[in-house]
Amino acid sequence: MFIDAMGKACPTPVILAKKALSEGCADLSVAVDNAVALGNLMRLGNSMGIKVVSEEKDAGYVVHFQAAAQSAPQPAPQREESSACNASTGYCIFIGKDYLGEGEEVLGRNLMKMALYTLSQEDEAPACILFMNSGVKLPAGEEVQVLDSLTEMIAKGTEVLVCGTCLNFYGLEDQLKLGTVSNMYDILFHMRSAAKVISF
């Protein structure tokens with residue numbers, strides 16, 4: 001089966017691919033035109049235990065999924081078991097902007113630094129931190145205290161996912177310092193799987 005997802009923004013290519021695989025497609029190829037979609041499709045295959053390879057073609061990429069027929073019904077349970085946020089005690093932090101609260105943004109940026117530092121010093125680190133919209137400026141920025149706090153939480157097992165569409169919008173796709181470029185599908189999956197979601 002071939003899916004032409006050229007020109008389609010994430011998470012559309014991921015959703016189309018997952019639907020086909022979940023319906024039992026054992027030999028799937030998906031064409032995309034950007035590296036973010038490529039990375040997201042490769043991670044989808046890996047998370048589902050499916051052999052996945054890619055090639056550059058026609059100013060884009062083609063991702064090939066080669067799923068064994070018997071593995072088709074298993075993707076959803078495998079994905080949930082591998083989720084860092086699926087533990088009953090796991091909590092997730094959603095960061096949708098690069099400052100905390102409303103009002104003076106300079107104060108808000110300082111508050112965000114303090115909040116991330118405080119989280120990094122807790123015994124129970126977040127299972128995941130999800131960055132969207134201008135929040136992606138934090139893991140793609142130069143603020144040492146922010147990067148140090150995130151690094152410390154990653155060392156404690158925190159998974160950091162960063163919206164690829166948002167990075168592209170702000171022209172930061174090549175400046176990400178920490179975390180994994182992700183998409184709406186994965187970010188919402190982590191939010192659904194978490195025992196609790198705290199939004200900054």
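Just so it is clear, the model here is predicted, and its values are computed rather than measured. We number each residue from 1, following the sequence as shown. As a basis for the values below, the full set of heavy atoms in this structure was taken, side chains included, without hydrogen atoms, waters or symmetry mates.
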Treating Ile, Leu, Val, Met, Phe, Trp and Tyr as nodes and any side-chain heavy-atom pair under 4.5 angstrom as an edge, say whether Leu138 and Phe200 lie in one connected cluster. yes

Among all residues two or more places apart in sequence or in another chain, which pass the side-chain hydrogen bond (donor to acceptor under 3.5 Å, both in side chains) test with Lys177? Glu142

Enumerate donor-acceptor pairs with a distance under 3.5 Å from any side-chain N or O in residues 24-42 to protein atoms, sequence neighbours excluded.
unit_1	atom_1	unit_2	atom_2	d
Ser29	OG	His64	ND1	2.7
Asp33	OD2	Gly7	N	2.9
Asn34	OD1	Val36	N	3.3
Asn34	OD1	Ala37	N	2.8
Asn40	OD1	Arg43	NH2	2.4
Asn40	OD1	Asn183	ND2	3.1
Asn40	ND2	Val36	O	3.2

Grab the two heavy atoms, one from Lys113 and one from Gln145, that are nearest each other, plus how far apart they are. O-NE2, 3.6 Å

Would you sort out whether Met48 and Leu21 count as a side-chain contact (heavy atoms from CB on, under 4.5 Å), showing the intermediate values? CA-CA 9 Å; Met48 296 176 75; Leu21 293 167; 4.1 Å; yes

First locate atom CZ of Phe94, then atom CD1 of Ile198, and finally report the distance between them rounded to the nearest 0.5 Å. 13.5 Å

Gap between atom OG of Ser199 and atom NZ of Lys97 - 0.5 Å precision: 7.0 Å

Using the rule given for side-chain contact (heavy atoms from CB on, under 4.5 Å), can you reason through Leu111 versus Tyr99, listing the C-alpha separation, both sets of side-chain angles and the distance that settles it, and then say yes or no? CA-CA 7 Å; Leu111 292 173; Tyr99 58 92; over 6 Å; no

Working to the nearest 0.5 angstrom, can you tell me the gap between Asn110 CG and Glu104 CD? 9.5 Å

Mind checking the CG-CG spacing from Leu107 to Leu100? Nearest 0.5 Å is all I need. 9.0 Å

Could you work out, with side-chain hydrogen bond (donor to acceptor under 3.5 Å, both in side chains) as the rule, every residue matching Lys19, not counting sequence neighbours? Glu23

Apply side-chain contact (heavy atoms from CB on, under 4.5 Å) to the pair Leu176 and Val162, showing each step before the final yes or no. CA-CA 9 Å; Leu176 184 64; Val162 186; 3.9 Å; yes

Could you tell me the separation between the CE atom of Met191 and the CG atom of Leu161, rounded to the nearest 0.5 Å? 11.5 Å

For the CD atom of Glu173 and the SG atom of Cys166, what is their distance to the nearest 0.5 Å? 12.0 Å

Shared hydrophobic cluster for Met114 and Ile95 (ILVMFWY, side-chain gaps under 4.5 Å): yes

A quick test of your reading: do over 12 heavy atoms of other residues, nucleotides or ligands sit less than 6.0 Å from CZ of Phe169? no

For the student: nearest non-hydrogen atoms of Ser149 and Ser120, plus distance: O-CB, 3.5 Å

If you count every heavy atom of other residues, nucleotides or ligands that lies below 6.0 Å from Lys137 atom NZ, does the total exceed 12? yes

Applying a strict under-4.5 Å side-chain criterion to I, L, V, M, F, W and Y, I'd like to know whether Leu188 and Val197 cluster together. yes

Under 4.5 Å between side-chain heavy atoms, counting indirect links through other Ile/Leu/Val/Met/Phe/Trp/Tyr residues: same cluster for Val160 and Tyr117 or not? no

Strictly distance-based, threshold 3.5 Å: is any side-chain N or O of Ser22 a donor or acceptor partner for the main-chain N or O of Lys18? yes

Any chance CD of Glu55 has more than 12 other-residue heavy atoms, nucleotides or ligands included, within less than 6.0 Å? yes

Closest heavy-atom pair, Gly164 versus Val181, reported as atoms and distance to 0.1 Å, is CA-CG1, 3.5 Å

With no hydrogens and no angle check, is any side-chain donor or acceptor of Lys156 less than 3.5 Å from a backbone partner on Thr151? no

For residues Pro126 and Met153, report the shortest heavy-atom separation together with the two atoms involved. CD-SD, 3.7 Å

Hydrophobic cluster membership, with links at side-chain heavy-atom distances under 4.5 Å among I/L/V/M/F/W/Y: are Val14 and Met6 in one? no

Between Ile187 and Tyr185, is any pair of side-chain heavy atoms under 4.5 Å apart? no

I want to check something: taking the side chain as every heavy atom from C-beta on, are His190 and Leu130 in contact at a cut-off of under 4.5 Å? yes

